[in-house]
Enquirer: 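This is the structure I want to talk about, given as structure tokens.
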Amino acid sequence: ACGKGGDKSAAAPVDGIEVKIGHVAPLTGPIAHLGKDNENGARLALEEINKAGLTIDGKKVVLTLVPEDDAEDPKTATQVAQKLVDAKVVGVVGHLNSGTSIPASKIYSDAGITQISPSATNPDYTKQGFKTTYRLVATDAQQGPALANYVSKTLNAKTVAIIDDSTQYGKGLADEFEKTVKASGVKVVTREASNNKATDFKAILTKIKGSKPDVIMYGGMDATGGPLTKQAAELGIKAKIVGGDGMCTEKLAELAGDAVVNVTCSEAGKALSKMAQGADFQKRYKERFNSDVQIYAPFTYDAVYVLVDAMKRANSTDPAKILVVMPDTKMNGLVGNIAFDSKGDMKEGVITLYDFKDKKKTVLDVINM
Amino acid sequence: MMSSHLLLDVTDVSKRFGGVQALDSVGLQVPQGSIVGLIGPNGAGKTTFFNVITGLYPADSGIFLFDGKSYFPESVSEVTKSGLARTFQNIRLFGEMSVLENVMVGCHCRSKAGLLGAIFRFPSTKREEQSIREKSQALLTYVGLGDYADMQARNLSYGHQRRLEIARALATEPKLLALDEPAAGMNATEKLELRELLLRIRADGKTILLIEHDVSLVMGICDSLTVLDYGKVIATGKPADVRVHPEVIKAYLGQGAV
Amino acid sequence: MSRSSYLWLGALALILLPWVVGASGGNYWVRVLDFALLYIVLALGLNVVVGFAGLLDLGYIAFYALGAYSYALLASPHLPQHFETIAAAFPQGMHFSPWMVAVFSIILAALFGIILGFPTLQLRGDYLAIVTLGFGEIIRIFMNNLDRPMNLTNGPKGITAIDPIQLFGVSFTKPLDFGFVQVPSLYLVFYLFLILAIAVTIVCLHLQYSRIGRAWVAIREDEIAAKAMGINTRNMKLLAFAIGASFAGVAGVLFSAFQGFVSPESFTLWESIVVLAMVVLGGIGHIPGVILGAIVLAVFPEILRGVAEPVQKVLFGHVIVDVEVIRQLIYGLALILIMLYRPGGIWQKGVDK
Amino acid sequence: MSALLQVQDLKVAYGGINAVKGIDLHVNQGELVALIGANGAGKSSSLKAISGLLKPASGEIEFINQKTNQLPAYELVKRGLGLVPEGRGVFKRMTILENLQMGAFLKTDAKAINQKLEEVFTYFPRLKERLSQLAGTLSGGEQQMVAMGRAMMAEPKLLLLDEPSMGLSPIMVETIFDVIRTLSMSGMTILLVEQNARLALQMADRAYVMESGLITLTGPGGELLQDPRVRTAYLGE
Amino acid sequence: MDIFLQQIINGLVLGSIYALIALGYTMVYGVLGIINFAHGEVLMIGAMVSLSLLRLILSLTSDLPGWLTLLIVLPVTMAVCAGLSYWIERIAYRPLRNAPRLAPLISAIGMSILLQTIAMLIWSRNPMTYPQLLPSSPIEIGTSGATITGKEMVIIVVALAVMCGLLFLVEKTKLGRAMRATAEQTQIASLMGVNPNRVISITFMLGGALAGLAGVMIASNYGNVHFYMGFIPGLKAFTAAVLGGIGNLQGAMLGGLLLGLIEALGAGYIGELTGGVFGSNYQDIFAFLVLILVLVLRPTGLLGEKVSDRA
Ligand SMILES: Nc1ncnc2c1ncn2[C@@H]1O[C@H](COP(=O)(O)OP(=O)(O)OP(=O)(O)O)[C@@H](O)[C@H]1O
Ligand SMILES: Nc1ncnc2c1ncn2[C@@H]1O[C@H](COP(=O)(O)OP(=O)(O)OP(=O)(O)O)[C@@H](O)[C@H]1O
Ligand SMILES: CC(C)C[C@H](N)C(=O)O
Ligand SMILES: [Mg+2]
Ligand SMILES: [Mg+2]
């Protein structure tokens with residue numbers, strides 16, 4: 001599934017001016033699989049664009065991807081950000097995590113280079129007042145409430161237990177969820193936390209079992225969410241389990257086994273299956289990388305198109321000029337209508353809810369923000 | 001010169017390890033300026049006695065007087081500071097350090113440069129360092145290791161390591177020097193040199209408590225002897241008297257020595 | 001050449017370094033150097049604990065975290081935003097100067113060093129290692145969770161918008177204009193960190209060849225014998241912890257001012273291990289070696305980052321193995337090989353006596 | 001008669017330090033040979049090289065007609081070499097019994113092992129009293145008994161002893177020397193390094209004197225005992 | 001339902017897993033005295049290798065009963081891990097036998113990174129599902145409402161069996177004595193006729209095989225594997241081993257069980273104990289505090305010998 005990430009584009013002979021686009025995600029460490037997924041999405045877009053041929057300001061342009069690994073580490077993130085700035089990339093797709101996107105954003109901002117994160121959902125990311133900061137997903141401040149509403153309105157739950165994985169993402173999402181769900185009168189019977197490398201959740205689940213909630217909300221990734229779901233079933237817990245984008249993957253069905261029928265989860269964007277070109281994208285992706293789309297590949301894919309679109313409109317590959325036209329982005333991308341508000345957030349944020357039928361991720365509801 | 005002032009006066013010291021009563025109500029007096037020998041069969045409790053009076057092992061019981069003051073040996077470093085230094089039977093040098101540095105460490109408790117002095121190297125600190133260095137070099141010469149100052153301590157041969165232990169202990173400026181088998185591993189000639197060294201140390205005003213198995217050495221230089229067996233004092237007195245004590249002969253000296 | 005002319009030449013080389021590196025490799029490499037300097041400070045501090053006193057500390061990064069969070073809290077909008085009383089007390093926002101905070105964190109970190117030291121006095125080797133490891137994790141977990149019931153640390157989200165460094169009214173975020181030459185901000189940071197690193201190096205050198213340094217080594221070599229020399233081993237160990245911790249505390253303050261963002265993720269066990277690796281790989285107990293170790297481990301992975309792809313392209317025409325995979329492979333291999341060929345460290349203590 | 005152990009031009013070095021600078025010595029079957037010398041003369045280093053604990057810098061070592069220069073210690077043990085090292089080297093975290101059992105590591109016959117144990121206990125009754133005490137808690141002298149007993153358990157053809165009387169009370173020195181004498185009488189070949197030169201030379205068939213890494217004198221034990229150089233340098237006269 | 005009983009069961013199961021890893025770990029430590037940071041990685045490779053084997057078997061036939069499949073897979077996996085462990089020692093530790101104490105620690109970390117990366121190359125970056133081979137439906141204990149699964153019972157039994165086996169080996173056999181002798185003084189051991197290299201190799205292979213066993217157990221218990229899965233268990237094993245007294249087998253078992261119980265009870269009850277001020281987010285702190293407390297009272301762990309430092 002990996003190992004031959006970079007061959008074809010790298011081998012392409014460069015005839016025309018070379019324009020570099022940076023991509024950053026963790027490619028090593030526990031969530032390397034998601035990082036690689038993001039990189040693949042960007043790469044796919046780039047290769048398509050090169051194949052179709054791109055001309056800017058009358059000159060033929062060849063895009064190259066500069067992929068970097070930030071290992072989920074804030075300090076490394078700033079280093080590679082500086083590296084991309086030095087390499088004179090016209091824009092950056094990334095980073096994957098909010099925890100790396102935020103410190104890096106300062107460096108892109110100082111350098112005047114557009115940064116589009118495909119997956120950072122923490123609200124703070126765009127609250128810093130930088131003109132260079134964009135994202136293609138809804139925020140946790142939208143995702144949390146969406147999940148909360150589902151729990152209180154659709155499921156009519158009276159009580160809920162909340163678990164998070166102590167990461168910036170997981171805890172942030174759980175916090176947002178907690179706020180709304182409380183406001184709508186659902187009782188939070190207990191708030192628990194594990195960590196993003198945990199494998200055993202039995203103790204926490206046992207405690208939760210004692211407080212008999214109608215619903216368990218988990219803020220965390222699929223790699224932990226799967227085992228958590230499974231162990232809940234082993235303990236005979238019948239409560240519904242809801243979670244955010246981090247655990248909303250096909251992988252979850254594999255990891256949770258039969259217990260996945262209990263799960264409802266949200267994605268901070270449009271569902272692949274609800275995307276107009278979704279199925280086609282999936283096919284092309286699989287052909288090219290011989291692996292399945294994890295979560296955010298469509299978003300990195302679109303992020304590249306957004307940058308190219310800006311280049312075209314600015315009729316320049318100068319980062320400063322691109323930055324000027326970025327706010328006017330209006331594009332119908334794979335993930336839906338893309339336009340930004342003044343902070344750089346998506347105007348039409350979409351949250352999609354899923355559940356799992358026959359162990360397949362199935363759209364339950366689409367919520368437009 | 002010898003006086004009747006007791007530098008070390010301990011009574012009723014007991015120490016038990018599990019099933020072994022290593023010390024059983026032991027008493028020992030060391031008059032100022034003397035050399036007192038502590039002898040006894042292997043496993044009699046001699047080293048344990050050292051370990052107890054220097055605070056390495058907590059005593060089960062005992063009354064301890066050092067230089068007229070009562071003390072309870074709890075902290076090894078405090079005991080050293082009060083003027084009781086020792087050497088170790090199974091040599092414990094600072095192997096990575098040079099021979100000279102080993103002795104300089106010994107000067108630790110008689111010098112005072114603190115953190116700020118170390119960092120900022122005040123003139124007074126530099127002077128102190130200089131005097132420590134000179135004093136240590138002098139001590140090495142004193143025990144006959146003057147030429148080995150820069151060697152790594154662990155590369156010294158066994159006999160030289162024993163001398164270094166003595167030099168290091170002397171650097172703490174003890175009133176009482178407690179030596180645990182300093183002659184072990186030395187041949188007869190080397191033992192003679194050691195004997196000279198010990199006599200010189202005494203002549204320089206120090207008191208010595210000596211554990212040693214070499215009968216001729218012990219009998220030759222000790223003013224008085226205490227004999228332990230199975231943790232109990234079985235005899236005490238002048239070497240000439242102890243030497244003919246039947247119990248001592250039976251337990252320690254053997255018939256061959258008579 | 002005389003000793004002093006060597007010194008002058010060295011000083012000149014260091015002053016020119018960011019310019020040369022910046023011109024040939026870009027700001028990215030200057031930033032790498034900046035971090036390398038911070039790591040030198042960290043490694044030297046850990047060396048006091050592990051190298052001099054022989055106390056294996058796997059939670060060293062906690063002190064770095066303490067420094068970083070001290071500054072982050074005292075020089076960012078975070079506290080005023082979440083505590084009305086503080087907002088009222090500081091109508092202009094909290095903007096403590098890094099220098100004040102640095103002094104404060106030296107004291108704070110040293111204090112924590114002592115607090116950590118106390119329960120561990122009896123412990124040896126790996127028992128000490130696990131307790132210090134635990135201590136490091138405890139600090140990190142607190143940082144991660146102290147966003148409730150009161151939001152003190154903002155939890156895993158970390159603290160943003162931390163004031164950049166200012167020195168005599170000169171901000172380190174903007175280039176400094178001398179008229180004839182402009183010194184870019186990253187270069188300014190370099191000089192600042194360089195001064196700190198040099199100061200720490202001098203302190204370490206002085207300590208090593210002092211009464212205190214000797215006492216530490218004695219404790220490392222044989223604790224019982226050290227006690228028998230009248231060394232108060234308890235105080236000396238605590239002192240080692242405190243000094244090592246205070247270096248990390250200062251480094252933490254500068255880190256947080258430089259980054260403008262801190263979160264618990266920067267202070268994981270892995271960071272502690274990396275700093276330990278710098279000490280051991282360079283030459284434990286040997287100051288030049290430790291400095292070299294810090295530089296190597298801070299710079300080497302970045303070199304790999306740069307060359308893994310072009311080299312493959314030159315050799316095979318295209319990229320066969322992903323860059324990050326190659327990087328990890330070589331990194332792991334390098335750790336092993338260096339230890340195999342230089343078990344005492346790259347630049348170990350010679351027989352320099 | 002061919003020598004059981006034949007050493008030619010043996011050199012041992014630690015880094016830059018030459019500890020043994022080319023010595024020749026041999027031990028014949030059944031002999032008791034003593035090796036004496038001042039501190040740091042290189043006696044222990046020689047024994048370590050002979051027993052395979054150290055790789056010699058150069059030279060030839062032949063044990064039972066086979067070159068053994070490059071063999072590790074455990075191979076030599078298999079061929080019948082035993083060493084009681086300087087400083088005893090007991091296994092501190094094992095009991096006395098286990099230490100003795102380790103001595104018989106290469107033996108498989110349980111009955112023979114038990115017999116040998118009993119034999120050791122007749123020499124050292126103290127060991128029998130303390131069978132299950134950890135050796136690390138024994139006094140120096142007691143540990144020396146363990147080390148001797150352990151070496152006896154293996155019934156070596158050639159026994160190398162490095163200062164076996166060090167740290168022993170007079171009565172124990174007698175005992176140990178009695179044991180050595182008895183072992184020697186029973187046919188065991190022994191190379192003995194001792195600081196107690198008088199006793200060693202009295203007992204030895206032959207002896208070597210070592211100074212600064214070289215052998216400077218050799219001859220029958222009794223003869224050396226009379227040699228004025230030996231008397232001043234080693235006997236304290 | 002009896003929550004407390006359930007938490008105890010959770011703790012025992014988790015603790016048995018820790019114990020299982022800690023046993024191999026502490027045995028290796030006992031002989032070489034080094035923190036084998038790569039132990040967790042051997043465990044991970046074990047899980048990965050066994051997954052590949054399982055896939056192979058399942059592709060050939062799908063009607064073998066789970067336990068039988070496991071019995072085929074286990075020995076092969078353990079052998080592979082033993083071999084891996086052997087080579088790790090040869091490459092990364094043996095040359096450093098006389099090096100400064102911390103040198104092997106660094107080479108072990110290097111080895112750890114290397115193995116992780118290799119696993120990532122071979123088995124991808126993705127977490128993968130591990131087939132369910134042991135019964136995992138909950139069995140109720142009496143009428144208490146507390147449950148335990150078949151696979152959990154297997155884990156407890158295996159951990160106990162491994163401990164007893166190792167204890168017998170180390171305390172009662174000649175090999176065990178040779179191991180302890182080598183551990184203490186390699187040179188002297190060789191004077192007894194022990195080939196230290198062989199003993200150390202055997203110990204590492206045993207340790208590797210146990211890591212492989214633990215890997216399979218963990219994978220089948222949690223139902224998934226990932227190239228990163230070795231790091232945390234490695235750390236916990238280290239903690240458990242130290243808690244019990246490093247180098248001591250009963251200690252590793254006790255330490256593992258205790259750590260498991262502390263974590264389970266911590267997660268379950270910190271909230272109530274602290275009146276809601278701290279919650280399960282502090283469970284690791286709780287575990288470390290207990291660890292520190294134990295070590296303050298007993299500096300060499302619960303069952304660690306008081307190494308008599310004779311002067
Ligand atoms: N830490 C300890 N734990 C258990 N037993 C001990 C300990 N230290 C000493 N012993 C026992 O106490 C007794 C006295 O030992 P000690 O070392 O004091 O003897 P010694 O008189 O110095 O003998 P030697 O002349 O052989 O050195 C011995 O039987 C020894 O086994
Ligand atoms: N490990 C070592 N490293 C460096 N030098 C050493 C080492 N061991 C011994 N030496 C040196 O080798 C020389 C011979 O030492 P050796 O131990 O063989 O002497 P010895 O005759 O046994 O002395 P002793 O009677 O004191 O035991 C000495 O000068 C010693 O300093
Ligand atoms: C991949 C995603 C789960 C990342 C997450 N949305 C974050 O903001 O960190
Ligand atoms: Mg003694
Ligand atoms: Mg010797």
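Below, chains carry the letters A, B, ... as their sequence lines are ordered, and counting in each starts from 1. If you're wondering where the values come from, they're calculated on a predicted model, not measured in any experiment.
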Enquirer: Locate the shortest heavy-atom distance separating E/Phe227 from A/Gly29; write the atom from each residue and the value.
Expert: CZ-O, 3.1 Å
Enquirer: What part of E/Thr149 is in contact with chain A, defined as an atom under 4.5 angstrom from a non-hydrogen atom: side chain, backbone, both or neither?
Expert: side chain
Enquirer: Quick one: does any side-chain atom of E/Ser280 pair with a main-chain N or O of A/Glu192 as donor and acceptor, under 3.5 Å?
Expert: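 No: the side chain of E/Ser280 does not pair with the backbone of A/Glu192.
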Enquirer: Which heavy atom of E/Thr147 sits nearest a heavy atom of A/Leu235, and at what distance?
Expert: OG1-CD2, 4.0 Å
Enquirer: Nearest 0.5 Å, what's the CG-CZ distance between A/Leu34 and E/Arg125?
Expert: 11.0 Å
Enquirer: Using a heavy-atom cutoff of under 4.5 Å, enumerate the residues of residues 210-220 of chain E that contact chain A, numbered in order, or state 'none'.
Expert: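 Result: none.
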Enquirer: Specify the closest pair of heavy atoms between E/Tyr222 and A/Asp200, including all atoms of both residues, with the distance to one decimal.
Expert: OH-OD2, 2.6 Å
Enquirer: Check each atom of E/Gln132 against the heavy atoms of chain A and say whether the ones under 4.5 Å are side chain, backbone, both or neither.
Expert: side chain
Enquirer: For A/Lys197 and E/Ile232, indicate whether the former's side chain and the latter's backbone hold a donor-acceptor pair under 3.5 Å.
Expert: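 The answer is no, because no donor-acceptor pair under 3.5 Å joins these two groups.
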Enquirer: Answer yes when A/Lys202 and E/Glu152 have at least one side-chain N-carboxylate O distance shorter than 4.0 Å, and no when they do not.
Expert: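 Result for this pair is yes, salt bridge flagged.
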Enquirer: If you compare all heavy atoms of A/Gly210 against all heavy atoms of E/Ile3, which two are closest, and at what distance to 0.1 Å?
Expert: CA-CD1, 3.1 Å
Enquirer: Which one, A/Leu205, A/Leu27, A/Asp164, A/Asp222, leads in non-hydrogen pairs under 4.5 Å with chain E?
Expert: A/Leu27
Enquirer: Return the minimal non-hydrogen interatomic distance between A/Leu255 and E/Asn224, and the atom names on each side.
Expert: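 Between these two residues, the closest heavy atoms are CD2-CB, 3.3 Å.
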Enquirer: Restricting to side-chain hydrogen bond (donor to acceptor under 3.5 Å, both in side chains), what partner residues turn up for A/Asp69, sequence neighbours left out?
Expert: A/Thr28, C/Arg327
Enquirer: Using non-hydrogen atoms and a 4.5 Å limit, figure out which bit of E/Gln283 sits close to chain A: side chain, backbone, both or neither.
Expert: side chain
Enquirer: Go through it in stages, so that I can follow the logic: the residues are E/Lys151 and A/Glu234, the test is salt bridge (charged side-chain N to carboxylate O under 4.0 Å, His left out), and I'd like the CA-CA distance, side-chain angles, deciding distance and then a yes or no.
Expert: CA-CA 11 Å; E/Lys151 59 188 184 188; A/Glu234 279 173 15; 2.7 Å; yes
Enquirer: Which one of E/Gly268, E/Ala264, E/Gly279 has the most heavy-atom pairs closer than 4.5 Å to chain A?
Expert: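 The candidate making the most pairs under 4.5 Å is E/Gly268.
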